Amino acid sequence: MSDRLHAWVEIDLGALVRNARRIAARAGVPVLPMIKADAYGLGAVRVARALEIVHPWGYGVATVEEGAELRRAGITRPILLATPLLPVGIEAAHAARLTPGLGDPDVIEAWVAATGNAPWHLAIDTGMSRNGIRWDAVGEIGPLLRRAPPAGAYTHFLAAEADDASVASQTARFTAAVGALPARPPILHAENSAAVERLSGTSSWSLVRPGIVLYGVGTRERDIADGPEPVVALHARVVEVRTIRAGETVSYGGSFRAAGPMRIATVAAGYADGYRRAFSNVGQAIIQGRRTRVVGIVTMDMTMLDVSDVACAVGDVVTLLGTPPAEGRAAGRGVAAGIDIRAAARAAGLLPYEVLTGLRHRLRRVYLDPPPG
Ligand SMILES: *Cc1c(COP(=O)(O)O)cnc(C)c1O
């Protein structure tokens, strides 16, 4: 299928499902997979359809249009809209049967008036200062909440991957805010990927909201063995191979200069595909089972690799991110590890979130289906 493609993103839906099962088992409650931003670039409809088998509570999106797309694709579970809804969007959100997370009293009033209190969740700000009603202000909207009780309430952690103290403080604030509501909403939630991965027992809440860990990027430094399976890979083909001499440079600006004779492979992916310019001179790649490195500046459509020690030819598949393709593994080329997206992002001064959501649509998405059952 990818025979004629110059560059593509491979998405292992079986690994996605196994990651979701592992997260649900760890948390002891259903998952609400966050599939906003087209499931971090993986394709929201394909991801949602694949995840149906784990019986998620619902799905999380950022825009009304993202939610409506899932409805058109036949998804019937609840869809949480996690970015504040503007009053002008209420009608469309209600028509798509979305469950908005609301925190602004005026918008809550408008939602309740327009929909007769269709399900919504109260967003509670416990320290992120981004959206939701402040944890210490929920008492002020008591009369409104008594008249129009929310179906759920939630908060969002600001540093669960790094900071024990902030998780404890935000949890205490959330608990206090929930206690100050006129009635305890039936559904409460807080944990993102990092918060689930750090849980020592099961979740105290009704469900968890993982995103990136489902897509194969763990949030912990240690416990690598317990981390998620890789899901996403970026592959591209070698389109030319050349030899250069000592002192010659590679790519724009001549930032890389050869110390001696070298072989350079030109690969058909660049920053217009989302293979970010920050990978210039620091990115790594797997080709023919060997690890190699990016030399010179990543250009819009092409990237150059040092293949001095690698027997490679035009047409070969290079893995720029993730695990080499199944054919390579099946052919016994002995690749022990791929390009870990978290480590690659860090080396380039990027977040793995930016790398995944930055993969552009010029790259065809090629899905590996999960094994049946
Ligand atoms: C994006 C998002 C998440 C998921 O975050 P990850 O770090 O990818 O797990 C959870 N909750 C909210 C409100 C979000 O916006």
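Whatever order the structure lists ligands and atoms in, that order sets their numbers, starting from 1. This structure is a prediction, so every number in the text was calculated from the model and none was measured.
- By the 4.0 Å heavy-atom criterion, Tyr215 is excluded from the residues contacting ligand 1.
- Closest to atom 3 (C) of ligand 1, if we only count protein heavy atoms, is Met34 CG, 3.5 Å.
- Atom CD of Glu91 sits in a sparse spot, with 12 or fewer heavy atoms from other residues, nucleotides or ligands closer than 6.0 Å.
- Ligand 1 has no nitrogen or oxygen under 3.5 angstrom from a nitrogen or oxygen of Ala194.
- Contact annotation: the side chain of Arg22 never approaches that of Glu229 to less than 4.5 Å [non-hydrogen atoms, C-beta and beyond].
- Remark: minimum distance from atom 9 (O) of ligand 1 to any protein heavy atom is reached at Ser193 OG, 2.5 Å.
- Polar contact check, Tyr154 against ligand 1: no nitrogen or oxygen pair lies under 3.5 Å apart.
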ring-ring contact (aromatic ring centres under 6.0 Å, His included) assessment of Phe174 paired with Trp205: CA-CA 11 Å; Phe174 184 52; Trp205 312 113; 4.9 Å; yes
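- Less than 4.0 angstrom separates some heavy atom of Lys36 from each of these atoms of ligand 1: 1 (C), 2 (C), 3 (C), 14 (C), 15 (O).
- Partners of Tyr40 under the ring-ring contact (aromatic ring centres under 6.0 Å, His included) rule, at least two apart in sequence or in another chain, are Tyr215.
- Listed by number with element, the atoms of ligand 1 under 4.0 angstrom from any heavy atom of Tyr40 are 1 (C), 4 (C), 5 (O), 6 (P), 8 (O).
- For atom 7 (O) of ligand 1, the nearest protein heavy atom (residue, atom name, distance) is Tyr353 OH, 2.6 Å.
- Looking at His156, Arg209, Glu191, His189 and measuring to atom 4 (C) of ligand 1, the nearest heavy atom belongs to Arg209.
- Counting the atoms of ligand 1 from 1 in the order shown, those under 4.0 Å from a heavy atom of Ile212 are 6 (P), 8 (O), 9 (O).
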